> 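Can you keep this structure in mind? I'll have questions shortly.
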Amino acid sequence: MKKLKAYFCRLLAVLALLTLAGCGKSDTGASGAGTSTAVPASGSLTLGVAFETLQTEYWVAGYEAIKAEAAARGFKVVEAVADNDANRQFEQVRSFITRRVDGIILVPKDASTCLPMIKAANAASIPIVLFNRPAAKSEAKSVAVVADNFALTRTTVDYLIGQAKATGGKRKAMVLIGDLGDINAVGRRDGFDAAVKAAGDSLEVVARVPTEWNQEKAQAGVVNALQANPDISFIFTSSDFLLPGIVSALKGAGKYHRVGEAGHVVLGGFDGDATAWQMLKEGYLDATGVQDVYFEAKQSVQAIVDLRAGKPVAEVILDPGFVIHQGNAKEKAAQMWGANVKRK
Amino acid sequence: MNHTRQRHLLPLLNHATLILFALVLAGFGLLSPKFLTAANLSHLLVQASSTAVIGVGVTFVLLTAGVDLSIGSIMFVAAAVAGKLALGGAPLAVTLPAILGVGMVFGALNALLVTRLGILAFIATLGSLYVGRGFGLWLTQTRAMNLPDSFLTLGTVRLVGVPLPLVISGGVVAVAHIVLTRTPFGRQIYAVGNHLAAARKAGLNTRRLLATVYIFSGLCAAIGGILSLAQLGAVSPTFGTNREFTAIAAAVLGGTSLFGGRGGVFPGTVLGAVLIQSVENGLVILNADPYLYPLVTAGIIFLAVLIDSTRSRLMAHWGQRKIFV
């Protein structure tokens, strides 16, 4: 019995330590505010910024952009990262509410788990903005600043199809699809399908590779698809972070060539990350749809300010993004967040 | 009557995974002539090599009735260290041992938590999962690292016509199989998994044995990380995410019990790893609807586990009747 009690105490201690470790990592409120932002001017706002994860370059870029935008306006920022845990994020949002922050910027895990968080913020009359990931339809009131995944993908794939047509012939295509539980991934898939449909017979999609946003799955899927269809000459990935796996598979199949070289596989992506920028510079990538992270950060902070001032704000603010390609790479580089990541 | 039924059913149930594997191969082979080609099967085996190696590591842990949830994080930290070293100009001869060292250090941390502090393996390795992921993200600053081509060469080079990843995974499997089936240490692992207290009373140094098993799992995670890196050529912040579940699925598909004391790496875990990869490979070749992937994969895992549990139940039932007769 004594042993059992001692064991139970140890287990509780470990759980408490884990919880503390989680809190320390995820809710860096006081210290984060003190170190990462300017001292707020009198009458300035305090923003609670809660990210679901920082496990991709895009989220880190978004996080930094929001903090920079807030700092530029003299706002204070309280930060929290939930490590993919919706329950933890709910606790973090509650903590923001208890602190009476002036506004909340949230990147939720998905469209549904954020609804109770939005309702809690609504009940406390604290404006809440969803960054890059919208909420499901409900009576809960929030503003979402999101990339127009469908339209931007469609424009990007239209451009790629134009490039393919310019080099002539009917092409076989492969598309890498993201996590089907992610509304952004679904929007990009639909944008790709719409562009392919409009292209008619010039493109035949022979491989749809589900990646679950996992690089290893993506790499294996591309190898398998190229094995089954060696004549694939058009690849679109729903996120640039899957590009290394595609490159590895293309190299293995002897099909990795620069734009304009014989045997070049038309290659395009979405996001605008540092790898995509590098590949654009080296001439291997035809185009990518860039999410304008700076636009999204600015709009998110502005929406909080406007909501507090009682001004009308659209429920969804769309980031149109832009397509960066071999023809406009130099001109658009400054707006591409991936190009800035590399410069650091 | 009973004996006849046992005679017919037992061989079927004992080789359920093998039969399922044959059915999957035959099914995809019938649906697409491209599936059963030598080139595709070679790709399939190379892709399964990483899962097979991490599966071997976790099989050792599962055999002792433990679990290792930190595999994916160990892979990530090892890959992050490899990336830092490689991009800093270190040669492969330095990078590869460093990766293995990282794996063993994390394995030793798990061993310390489980054997010295008496923390449940589930909790201890869950803690390591978070620590590893956080440490790796700090190390990489959440930036992707594209590795030099020398890493990709590791994935494509052949030894006597056999791809290097297959040689490495084959070596790990062979050593693990011999240790489990031909050495006293292997028998002691089964003994600990069957009954820890009894094994301790029998004079086994269970603490040292458990520590070795967790360090070995960490080492296998690092080797698995190298094999994945060799195919991918890049380290992303999500590298290795959820790979512990694939490894455990491969072990369980191969007949290893989650309660310890039963199972093995060959053909067991290896078959499980290849089966999982075959399903993924076959679905891509068929250009199946992406929504089908999780359904088919989960269905096959569920079926294999169901057959295994039916087998265990029937064995127990038949054994019981013998006692009463």
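What you are looking at is a predicted structure, and each value in this text was computed from that prediction instead of being measured. Labels below follow one simple rule: chain letters A, B, ... track the order of the sequence lines, proteins then strands, and each chain is numbered from 1.
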> For the atom pair CG (A/Asn229) and CG (B/Asn287), what is the distance rounded to the nearest 0.5 Å?
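It comes to 7.5 Å.
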> Below 4.0 angstrom, N of the basic side chain to O of the carboxylate: do B/Glu280 and A/Lys217 qualify?
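A salt bridge links B/Glu280 with A/Lys217.
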> Highest number of heavy-atom pairs under 4.5 Å with chain B: which of A/Ala228, A/Gly252, A/Pro244?
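Of the candidates given, the most pairs with chain B belong to A/Ala228.
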> With a 4.5 Å cut-off on side-chain heavy atoms, are A/Glu57 and B/Arg143 touching?
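Touching, per the 4.5 Å side-chain cut-off.
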> Determine whether the side chains of B/Gln47 and A/Asn224 contain a donor N or O and an acceptor N or O closer than 3.5 Å.
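Yes, side-chain donor-acceptor contact under 3.5 Å.
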> Give me the atom names and distance for the closest heavy-atom approach of B/Gln277 to A/Ala220.
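Residues B/Gln277 and A/Ala220, closest heavy atoms: NE2-CB, 4.0 Å.
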> Minimum heavy-atom separation for A/Arg189 to B/Tyr291, with atom names?
NH1-OH, 3.1 Å
> At a 4.5 Å cut-off on heavy atoms, which part of B/Thr37 comes close to chain A: side chain, backbone, both, or neither?
side chain
> For B/Leu164, I'd like to know if atom CG has over 12 heavy atoms of other residues, nucleotides or ligands within 6.0 Å.
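Result for CG/B/Leu164: enclosed.
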> So do the side chains of B/Asn146 and A/Thr275 get within less than 4.5 Å of each other, counting heavy atoms only?
yes
> Flag the pair A/Gln227 / B/Asn281 as yes when at least one side-chain heavy-atom distance between them is below 4.5 Å, and no otherwise.
no
> Taking the basic N atoms (NZ, or NE/NH1/NH2) and the acidic carboxylate oxygens, is any pair closer than 4.0 Å for A/Lys251 and B/Asp149?
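Answer for the salt bridge query: yes.
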> Quick check for you: among A/Val205, A/Thr53, A/Val223, A/Leu54, which has the greatest number of heavy-atom pairs under 4.5 Å with chain B?
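Max contact count across the listed options: A/Val223.
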> Taking all non-hydrogen atoms of both residues into account, name the closest pair between B/Ala234 and A/Gln215 and its distance.
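So the two residues come closest at O-OE1, 4.3 Å.
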> Which distance, rounded to the nearest 0.5 Å, do you find between the CD of A/Glu212 and the OG1 of B/Thr238?
12.0 Å
> Highest number of heavy-atom pairs under 4.5 Å with chain B: which of A/Val209, A/Ile246, A/Val206?
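Going by pairs under 4.5 Å, I would pick A/Val206.
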> Return the option, out of B/Thr142, B/Val284, B/Thr140, with the maximum number of heavy-atom pairs under 4.5 Å with chain A.
B/Thr142
> For B/Pro290 versus A/Ile177, what's the shortest heavy-atom pair and its separation?
CG-CD1, 3.6 Å
> Using heavy-atom distances under 4.5 Å, tell me whether B/Phe35 contacts chain A through its side chain, its backbone, both, or neither.
neither
> Is A/Ser248 close to B/Leu152 at the side-chain level, that is, under 4.5 Å between some pair of heavy atoms?
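Yes, close enough: below the 4.5 Å cut-off.
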> Out of curiosity, B/Ser236 OG to A/Leu243 CG, how far, rounded to the nearest 0.5 Å?
12.0 Å
> As an exercise, state the distance from CG of B/Leu283 to CZ of A/Arg208, rounded to the nearest 0.5 Å.
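The CZ atom of A/Arg208 is 15.0 Å from CG of B/Leu283, to the nearest 0.5 Å.
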> What parts of residues 224-232 of chain B touch chain A if we use heavy atoms and a cut-off under 4.5 Å?
B/Ser228, B/Gln231, B/Leu232
